[in-house]
Amino acid sequence: MNDCIFCKILNNEIPSFTVYEDENFKAILDIAPATKGHVLVIPKEHSENIFDLSNDKAEKLFLVAKKITTALKNILNVSNFNLIQNNGRIAGQTVNHFHLHIIPRYSLDEISLWVPHENDPSVTENFANEVKNAIK
Ligand code: 5GP
Ligand code: ZN
């Protein structure tokens, strides 16, 4: 993709600090880290979001993420992490090339991901069934 910033990083047209690379993925330090050690895992094949990520890359992604998260745990001496992946503008996606965030968490780092809401149990059961039936 010509105007994709992550494709440019993958092609070394834009510099980045690589922490991991294999035939399918490159992982780099985030330019504006949420916390120290914030890493982005980027599939080399351009896909915009989870919906057009290939099944093959989807399968392989978490093994790579696990390896990198384990390395960060060991070198940073941190055992709390969020793995986050944004799809769409409302969800916070700013770069339209699929990527997974690995974010080490520190006490008092003041990152808040969501606010829990009260739930209606009758709606929940119906919804669970609806989702179950929609999964292919
Ligand atoms: P999103 O909001 O799309 O889930 O995350 C995009 C991430 O990419 C952000 O955390 C942002 O800081 C990071 N980012 C954007 N441009 C660059 C860049 O040129 N280099 C690096 N290393 N990270 C970038
Ligand atoms: Zn791209």
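Start at 1 and go down the list; that is how both ligands and their atoms are numbered.
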Okay, side chain of Asp30, backbone of Val39: is any donor-acceptor separation there less than 3.5 Å?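 No, because the side chain of Asp30 does not come within donor-acceptor range (under 3.5 Å) of the backbone of Val39.
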Modelled atom types, side-chain donor and acceptor of Thr35 and Asp109, under 3.5 Å: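 No, no side-chain donor-acceptor pair sits under 3.5 Å.
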Lys57-Ser47 side chain donor-acceptor pair, cut-off 3.5 Å: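 Side chains of Lys57 and Ser47: no pair found under 3.5 Å.
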Which single N/O/S atom of His46 lies at minimum distance from the Zn ion (ligand 2)?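 Going by distance to the Zn ion (ligand 2), the closest N, O or S atom in His46 is ND1.
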Which atom of His97 approaches the Zn ion (ligand 2) most closely (N/O/S):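 That would be atom ND1.
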Sub-3.5 Å pairs, protein N or O with ligand 1 N or O:
residue  : atom   : partner : partner atom : Å
ligand 1 : 2 (O)  : Gly92   : O            : 2.8
ligand 1 : 2 (O)  : Thr94   : N            : 3.3
ligand 1 : 2 (O)  : Thr94   : OG1          : 3.0
ligand 1 : 3 (O)  : Thr94   : N            : 2.7
ligand 1 : 3 (O)  : Thr94   : OG1          : 3.2
ligand 1 : 3 (O)  : Val95   : N            : 2.9
ligand 1 : 3 (O)  : His99   : NE2          : 3.0
ligand 1 : 4 (O)  : Asn86   : ND2          : 2.9
ligand 1 : 4 (O)  : His99   : NE2          : 2.9
ligand 1 : 4 (O)  : His101  : NE2          : 2.8
ligand 1 : 5 (O)  : His99   : NE2          : 2.9
ligand 1 : 5 (O)  : His101  : NE2          : 3.2
ligand 1 : 10 (O) : Asp30   : OD1          : 3.3
ligand 1 : 10 (O) : Asp30   : OD2          : 2.5
ligand 1 : 12 (O) : Asp30   : OD1          : 2.5
ligand 1 : 22 (N) : Leu29   : O            : 2.9
ligand 1 : 22 (N) : Ile31   : N            : 3.3
ligand 1 : 23 (N) : Ile31   : N            : 3.2

Strictly below 4.0 Å, N to O, side chains only: are Glu21 and Lys44 in salt-bridge contact?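 The answer is yes: the pair qualifies as a salt bridge.
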Would you find more than 12 non-hydrogen atoms of other residues, nucleotides or ligands less than 6.0 Å from Leu113 atom CG?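 Yes, enclosed.
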Surrounding OH of Tyr106 (heavy atoms of other residues, nucleotides or ligands, distance under 6.0 Å), is the total greater than 12?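 Correct, the count exceeds 12.
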Holding to side-chain hydrogen bond (donor to acceptor under 3.5 Å, both in side chains), I want the full list of residues that pass it with Lys60, two or more places apart in sequence or in another chain.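 Counting only residues at least two positions away or on another chain, Lys60 forms a side-chain hydrogen bond (donor to acceptor under 3.5 Å, both in side chains) with Asp56.
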